[in-house]
K.L.:
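What follows is a structure written as structure tokens; I'll ask about it next.
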Amino acid sequence: MRIVLAEDSVLLREGLVGLLERIGHQVVAGAGTADELIAAAAEHGPDIVVTDVRMPPGFSDEGLRAALELRAKQPGLPVLVLSQYVQRTYAEDLLDSADGRGVGYLLKERIGHVEEFVDALARVAAGDTVVDPEVVRQLIRHRRDPLPRLTARELEVLALMAEGKSNASVAASLSVSEGTVSKHFGSILGKLDLSVDDTTNRRVLAVLAYLRG
């Protein structure tokens, strides 16, 4: 894939460039500011943008707002956001953009789990939605209604599903059968008054739509 990478820390940016190129991707541009990110994406037409949240000059949410601007201009552009924290308001806006397809929000600690990061990158580029479980937990904490109806196990399943995991992956994470996962998720949908088909990404989008509501 052709990637535009935005990260103000030169050391981290160069480390990510090395990692991405070792696994066969091409970083066509590196950006250190939000303005550079927007210009690089316009110039290179990448397959995916990977960006930090906090960037110069304010080191608050410039990278995330730039990602939103890019998605507004080109709704089909996949964007994977990396952050040291959860910027809840703009995270919700990002997940809402382009119906939530081809978007991811991961905490930077996930970069240390190379396989998880590489898998998330590929899934976002393919149009899936990938959300860090901590983001899911914070969205859950800001919901007031029927989440208390869910059992502790159902909340675990919900968080894993929102990461974009398949039934098989959720089952492996929880050491249960796929049938048990299906039963839990059916119960979740019923309690949350949701009805979606069985494709993983549509389930993710439905769950996130509820959590953001």
Side-chain angles (χ1 to χ4, degrees), residues 1-84 86-87 89-108 110-111 113-132 135 163-164 199-202 204-205 208-209 212:
M1 290 186 291
R2 300 173 68 256
I3 300 169
V4 166
L5 173 64
E7 166 59 57
D8 67 283
S9 167
V10 176
L11 287 177
L12 181 54
R13 186 168 70 238
E14 291 304 310
L16 282 170
V17 168
L19 169 63
L20 292 167
E21 292 186 341
R22 281 197 303 275
I23 60 178
H25 300 308
Q26 179 186 7
V27 178
V28 295
T33 69
D35 288 342
E36 289 175 3
L37 165 59
I38 291 170
E43 178 181 353
H44 295 281
D47 299 312
I48 186 171
V49 166
V50 179
T51 183
D52 190 9
V53 169
R54 291 179 171 176
M55 302 189 76
F59 293 98
S60 57
D61 52 26
E62 289 86 352
L64 187 48
R65 287 190 282 115
L68 284 165
E69 181 177 335
L70 291 173
R71 295 271 287 180
K73 292 178 179 177
Q74 187 181 339
L77 177 65
V79 171
L80 176 59
V81 169
L82 303 175
S83 179
Q84 290 180 324
V86 180
Q87 217 295 0
T89 301
Y90 285 114
E92 293 175 353
D93 291 341
L94 182 70
L95 293 170
D96 277 333
S97 65
D99 294 327
R101 298 186 182 280
V103 64
Y105 194 119
L106 296 181
L107 297 187
K108 284 186 175 179
R110 297 284 165 189
I111 301 175
H113 304 280
V114 175
E115 289 184 1
E116 289 185 31
F117 172 64
V118 171
D119 177 64
L121 184 73
R123 285 195 285 140
V124 170
D128 285 351
T129 309
V130 180
V131 185
D132 196 280
V135 178
E163 291 181 62
T199 63
T200 299
N201 201 49
R202 285 181 62 84
V204 172
L205 295 176
L208 290 175
R212 295 194 301 270

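As the structure is a prediction and not an experimental result, all values here were calculated from the model.
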K.L.:
Would you say the side chain of Ile48 lies within less than 4.5 Å of the side chain of Leu121, judging by non-hydrogen atoms?
P.N.:
yes
K.L.:
List the residues meeting salt bridge (charged side-chain N to carboxylate O under 4.0 Å, His left out) with Glu14, not counting sequence neighbours, and say none if there are none.
P.N.:
none
K.L.:
Determine whether Leu80 and Val49 make a side-chain contact, defined as any pair of heavy atoms from C-beta on separated by less than 4.5 Å.
P.N.:
no
K.L.:
Rounded at 0.5 Å granularity, tell me how far CZ in Arg2 sits from CG in Asp47.
P.N.:
6.5 Å
K.L.:
Is any side-chain heavy atom of Pro78 closer than 4.5 Å to one of Val124?
P.N.:
yes
K.L.:
Quick test of your reading: applying salt bridge (charged side-chain N to carboxylate O under 4.0 Å, His left out), list the pairs with at least one residue in residues 18-34, sequence neighbours left out, ordered by first then second residue.
P.N.:
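Those involving residues 18-34 do not exist here.
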K.L.:
So, using side chain to side chain contact (heavy atoms under 4.5 Å, CB included) as the criterion, who are the partners of Asp35 when residues are at least two apart?
P.N.:
Thr33
K.L.:
Is there a side-chain contact between Val130 and Tyr105 (heavy atoms, below 4.5 Å)?
P.N.:
no
K.L.:
Can you list, pair by pair, the side-chain donor-acceptor contacts under 3.5 Å of residues 50-58, counting residues two or more places apart and other chains?
P.N.:
| unit_1 | atom_1 | unit_2 | atom_2 | d |
| --- | --- | --- | --- | --- |
| Asp52 | OD1 | Lys108 | NZ | 3.4 |
| Asp52 | OD2 | Lys108 | NZ | 3.1 |

K.L.:
Would Asp93 and Leu64 count as a side chain to side chain contact (heavy atoms under 4.5 Å, CB included) if you check the C-alpha gap in whole Å, the side-chain angles of each, and the deciding distance to 0.1 Å?
P.N.:
CA-CA 10 Å; Asp93 291 341; Leu64 187 48; over 6 Å; no
K.L.:
For Asp119, check salt bridge (charged side-chain N to carboxylate O under 4.0 Å, His left out) against everything at least two apart and list the hits.
P.N.:
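Salt bridge (charged side-chain N to carboxylate O under 4.0 Å, His left out) list for Asp119, sorted by chain: Arg123.
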K.L.:
Of all heavy-atom pairs between Leu106 and Ala120, which one has the smallest distance, and what is that distance?
P.N.:
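For Leu106 versus Ala120, the nearest heavy atoms are CD1-CB, 3.7 Å.
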K.L.:
Within the side chain of Asp132, is there an N or O that forms a donor-acceptor pair under 3.5 Å with the backbone of Leu107?
P.N.:
yes
K.L.:
Taking side-chain hydrogen bond (donor to acceptor under 3.5 Å, both in side chains) as the definition, give me every residue that meets it alongside Gln26, ordered by chain and number, with sequence neighbours left out.
P.N.:
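Testing Gln26 for side-chain hydrogen bond (donor to acceptor under 3.5 Å, both in side chains), a comparison that skips the adjacent residues, returns none.
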K.L.:
Within the structure provided, determine whether Ile23 and His25 are in side-chain contact (heavy-atom separation under 4.5 Å).
P.N.:
yes
K.L.:
Side-chain contact test, heavy atoms from C-beta onward, threshold under 4.5 Å: evaluate it for Leu5 versus Arg13 and give yes or no.
P.N.:
yes
K.L.:
Under the salt bridge (charged side-chain N to carboxylate O under 4.0 Å, His left out) rule, collect the residues that match up with Glu43, sequence neighbours excluded.
P.N.:
none
K.L.:
Could I get the full list of salt bridge (charged side-chain N to carboxylate O under 4.0 Å, His left out) partners for Asp8, not counting sequence neighbours?
P.N.:
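Applying salt bridge (charged side-chain N to carboxylate O under 4.0 Å, His left out) to Asp8 gives none.
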K.L.:
Could you tabulate the donor-acceptor pairs under 3.5 Å formed by side-chain atoms of residues 65-74, not counting sequence neighbours?
P.N.:
| unit_1 | atom_1 | unit_2 | atom_2 | d |
| --- | --- | --- | --- | --- |
| Arg65 | NE | Asp61 | OD1 | 2.6 |
| Arg65 | NH2 | Asp61 | OD1 | 3.1 |
| Glu69 | OE2 | Lys73 | NZ | 3.1 |
| Arg71 | NE | Ser97 | OG | 3.0 |
| Arg71 | NH1 | Leu77 | O | 3.0 |
| Arg71 | NH1 | Arg101 | O | 2.9 |
| Arg71 | NH1 | Gly102 | O | 3.0 |
| Arg71 | NH2 | Ser97 | O | 2.9 |
| Arg71 | NH2 | Ser97 | OG | 3.4 |
| Arg71 | NH2 | Arg101 | O | 2.8 |

K.L.:
Restricting to non-hydrogen atoms, name the atom on Ala40 and the atom on Ala29 that form the minimum distance, rounded to 0.1 Å.
P.N.:
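Residues Ala40 and Ala29, closest heavy atoms: CB-CB, 3.8 Å.
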